[in-house]
Amino acid sequence: MSTFVLPRRDLGAIPLMRLLRGFGLVLMAAFIFFACFAFSDTSPYDVVAIPAIVLWILLGVRLYRGAVPLVGVLLVYVGATVVALMPYLDEELPAVWTVQLCYLAVTGIFFTMFFSDECDRRVELALKVYTASTLLSAGLGIGGYLGLVGNEDLFSKYGRASGTFQDPNVFGSFLTLGAFYLLHNLLTGRARRPLLSGLGLAILLAGIFLSFSRGSWGGTVLMGALMVAMVYRTSAPALRRRIVLLAALTAGFGAVALVGLLSIGDVRETFSKRAAVTQDYDEGETGRFGNQLRGIGMLIEDPLGMGPLRWRRTFNLEPHNSFIGAFSNGGWVAGVAFVFLVLMTTRVGLRLMSQDTPYRRHAQIVVPALLMFFLQAMQIDMEKWRHVYMMLGIVWGLEAARVRWLASGEA
């Protein structure tokens, strides 16, 4: 293949393709970093998305065999939802919601293709940029909660830190992947500046706590324990002692910090309210759980579902369950596709975390964070969260790279 060279002498003999790839990586870094800006339905993330996707398609990203299952299931899920929209095309909100879902599915497929090549380098770049994004959002969320920056509705809402997000629940969950990246580097000795990494981890954990999101709390603890267990299981004996020591220190520091935070009156009051198993809006026949029970009965009798956003019209409340939402928005076909997507990705992710391949380290960071979102899908609507599709793309990009690595005979 011939190499094109820019004619300008001040640029020397830099190949055009190398320059374009460098610019493409800058666009991708901005694409991922801007995931933290979710004040509205449209964000800088979406502005950068189109040029980044178009440029990398022109540069030759490819769909490999290992990632075909994800693409197939996503197309079925989105396609069934589009079909369910047909009776409601004259309504603006369902149509806009469905277009956004299609767009996010496209970004998920693109991320898969992008991370399938030069996998280690590109995923490492993505995790570093994403962690920087989480630190910015966490800093603003903590500052907003303490009244140090912004007004009471800008970086905190309902007496909870929300950072650069509309919803404190999304904010808390968004920070988890950054926390796992820093913690994994500390456990394995890859952190170049351990003190700074430890400080960053403390900031992210404080942000997760001050979001007062029960799903974020539980998911971070459970999936963090899974990550530590997998790192311990796949490490040499000498490193295992370090893992146990640092995990114990992190847990001890977290307990001390929790006691300190709970000594603050406002924090203690909000914590006592949010730590309850159920909230007022969960209970009763017209509460979240009551609506879900009645809605499931209706969906069993209607294979085509209610249609996009029709659950809200019926119950005056979102389903707060992405599995039920998939059956409601797109019927039985979309619902089964969504369940299959979760189960299939979980199986692939656990295999990536345990097998001795060049992709295990990054899988041990990303897979637990993605599994946390799958758990949260049972109590929140997360099918429109931008960063979830990025994580899906990373996991299936790692899987595509693993399949090619095995086929090459290097294993």
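Just so you know, residue 1 is the first one in the sequence shown, and it goes up from there. Note that these values count all heavy atoms, side chains included, but never hydrogens, waters or copies made by symmetry.
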*Between P308 and P94, what is the shortest heavy-atom contact and its length?*
O-CB, 3.5 Å

*asked:* For Y130 together with F33, are the ring centres under 6.0 Å from each other?
replied: no

*Just by distance, do the side chain of E383 and the backbone of L101 share a donor-acceptor pair under 3.5 Å?*
no

*asked:* I'd like to know if the side chain of R242 reaches the main chain of L187, judged simply by a donor and an acceptor atom lying under 3.5 Å from each other, with no hydrogens or angles considered.
replied: yes

*asked:* Show the nearest heavy-atom pair for residues A326 and F338, with the distance to one decimal.
replied: CB-CB, 3.7 Å

*side chain to side chain donor-acceptor pair (under 3.5 Å) between T220 and T176, worked out*: CA-CA 6 Å; T220 300; T176 302; 3.1 Å; yes

*asked:* Would L341 and Y77 count as a side-chain contact (heavy atoms from CB on, under 4.5 Å) here? Give the steps.
replied: CA-CA 9 Å; L341 172 66; Y77 168 59; 5.6 Å; no

_D120 to P358 - nearest heavy-atom pair and separation_ = OD1-O, 4.5 Å

_Could you check whether atom CD1 of I57 has more than 12 heavy atoms from other residues, nucleotides or ligands sitting under 6.0 Å from it?_
yes

*Before giving the answer on side chain to side chain donor-acceptor pair (under 3.5 Å), spell out for S173 and S216 the whole-Å C-alpha distance, their side-chain angles and the decisive distance to 0.1 Å.*
CA-CA 5 Å; S173 299; S216 300; 2.9 Å; yes

*asked:* On a heavy-atom basis, which atom in F323 and which in A377 lie closest, and how many Å separate them?
replied: CE1-CB, 3.6 Å

*Cationic tip of R294 within the cone over F315's six-membered ring, i.e. under 6.0 Å and within 45° of the normal?*
no

*Report yes if the side chains of W396 and M344 come closer than 4.5 Å at any heavy-atom pair, otherwise no.*
yes

*How many angstroms lie between OG1 in T250 and CG in L201, if you round to the nearest 0.5 Å?*
6.0 Å

*Which value, rounded to the nearest 0.5 Å, describes the distance between S211 atom OG and L175 atom CG?*
7.5 Å

*asked:* Please check: side-chain N/O of D381 versus main-chain N/O of N321, any donor-acceptor pairing under 3.5 Å?
replied: yes

*Should V366 and L352 be marked as a side-chain contact (heavy atoms from CB on, under 4.5 Å) after you check the CA-CA gap, both sets of side-chain angles, and the distance that decides it?*
CA-CA 10 Å; V366 181; L352 284 166; over 6 Å; no

*Is there side-chain contact between R313 and L309, with heavy atoms separated by less than 4.5 Å?*
no

*Using the ring of Y232 (Phe, Tyr or Trp, six-membered ring only), decide whether R240 places NZ or CZ under 6.0 Å from its centre and within 45 degrees of its axis.*
yes

*Calculate, to the nearest 0.5 Å, the distance between atoms CG and CD1 belonging to D167 and I380 respectively.*
5.5 Å

_Residue pair L140, L136: steps toward the side-chain contact (heavy atoms from CB on, under 4.5 Å) verdict_ = CA-CA 6 Å; L140 292 174; L136 172 64; 4.1 Å; yes

_Plane angle bin for F373 and H387 - parallel if under 30°, tilted between 30 and 60°, otherwise perpendicular_ = perpendicular

_To check you understand the geometry: which heavy-atom pair defines the closest contact between G139 and I203, and what is its length?_
N-CG2, 4.4 Å

*Could you tell me the separation between the CD1 atom of I365 and the CZ atom of R360, rounded to the nearest 0.5 Å?*
12.5 Å

_Main-chain N/O of M227 paired with Q364 side-chain donor or acceptor, under 3.5 Å_ = no

_G66 to V403 - nearest heavy-atom pair and separation_ = CA-CG2, 4.1 Å

_With a 3.5 Å distance limit and no angle check, can you tell me whether W311 reaches the backbone of G325 through a side-chain donor-acceptor pair?_
no

*Less than 4.0 Å between a side-chain N and a carboxylate O, is that true for R361 and E124?*
yes

*Less than 4.5 Å apart, any side-chain heavy atom of M298 and any of T314?*
yes

*asked:* Between Y145 and F155 (judged by ring centroids, cut-off 6.0 Å), do the two rings come close enough to count as a pair?
replied: no

*Any chance you could measure M223, atom CE, to Q376, atom CD, to the nearest 0.5 Å?*
10.5 Å

*CZ of F340: more than 12 outside heavy atoms within 6.0 angstrom?*
no

*Does M113 offer a backbone N or O that forms a donor-acceptor pair with the side chain of R62 under 3.5 Å?*
no

*Trace of the salt bridge (Lys or Arg N to Asp or Glu O under 4.0 Å) decision for R347 with E399*: CA-CA 11 Å; R347 178 178 177 275; E399 172 64 5; over 6 Å; no

*When rounded to the nearest 0.5 angstrom, what distance separates CE in M306 from OH in Y88?*
9.5 Å

*asked:* Whether the side chain of T107 engages the backbone of L104 through a donor-acceptor N/O pair (distance < 3.5 Å, no angle test) should be reported.
replied: yes

_Side-chain heavy atoms of H362 within contact of H184, under 4.5 Å_ = no

*Evaluate the side chain to side chain donor-acceptor pair (under 3.5 Å) criterion for residues T81 and T98: first the C-alpha distance (whole Å), next the side-chain angles of each, then the deciding distance (0.1 Å), finally the verdict.*
CA-CA 7 Å; T81 306; T98 306; over 6 Å; no

*Examine the side chains of N169 and R214 and answer whether a donor and an acceptor come within less than 3.5 Å of each other.*
no

_Using side-chain heavy atoms (C-beta onward) and a distance below 4.5 Å, is M378 in contact with I324?_
no

*Would you indicate whether the side-chain heavy atoms of T234 and D356 approach each other to under 4.5 Å?*
no

*asked:* Is the ring pair F212/F209 parallel, tilted or perpendicular, if the boundaries are 30 and 60 degrees?
replied: tilted

*Would Y103 and Y389 count as a close aromatic pair, with their ring centres under 6.0 Å?*
no

*Are W97 and N329 close enough, and set up right, to give a side-chain contact (heavy atoms from CB on, under 4.5 Å), and what steps lead you there?*
CA-CA 10 Å; W97 185 92; N329 294 322; 3.4 Å; yes

_Using side-chain heavy atoms (C-beta onward) and a distance below 4.5 Å, is P194 in contact with L186?_
yes

*Does the distance from a Lys or Arg side-chain N to an Asp or Glu carboxylate O, for R386 and D46, drop under 4.0 Å?*
yes

_I'd like to know if the side chain of S137 and the backbone of C36 have a donor-acceptor N/O pair within less than 3.5 Å._
no

*Are F31 and Y45 close enough, and set up right, to give a ring-ring contact (aromatic ring centres under 6.0 Å, His included), and what steps lead you there?*
CA-CA 5 Å; F31 189 8; Y45 178 95; 4.7 Å; yes

*Determine whether the aromatic ring centres of W332 and F327 lie less than 6.0 Å apart.*
no

*asked:* I'd like to check T134 versus F174 (side-chain heavy atoms, cut-off strictly below 4.5 Å). Are they in contact?
replied: yes

*Find out whether the Lys NZ or Arg CZ of R404 is both under 6.0 angstrom from the six-membered ring centre of Y64 and within 45° of the ring's axis.*
yes

*Could you check Q355 against R402 for side chain to side chain donor-acceptor pair (under 3.5 Å), going step by step and ending with a plain yes or no?*
CA-CA 10 Å; Q355 286 190 352; R402 185 194 69 85; 3.3 Å; yes

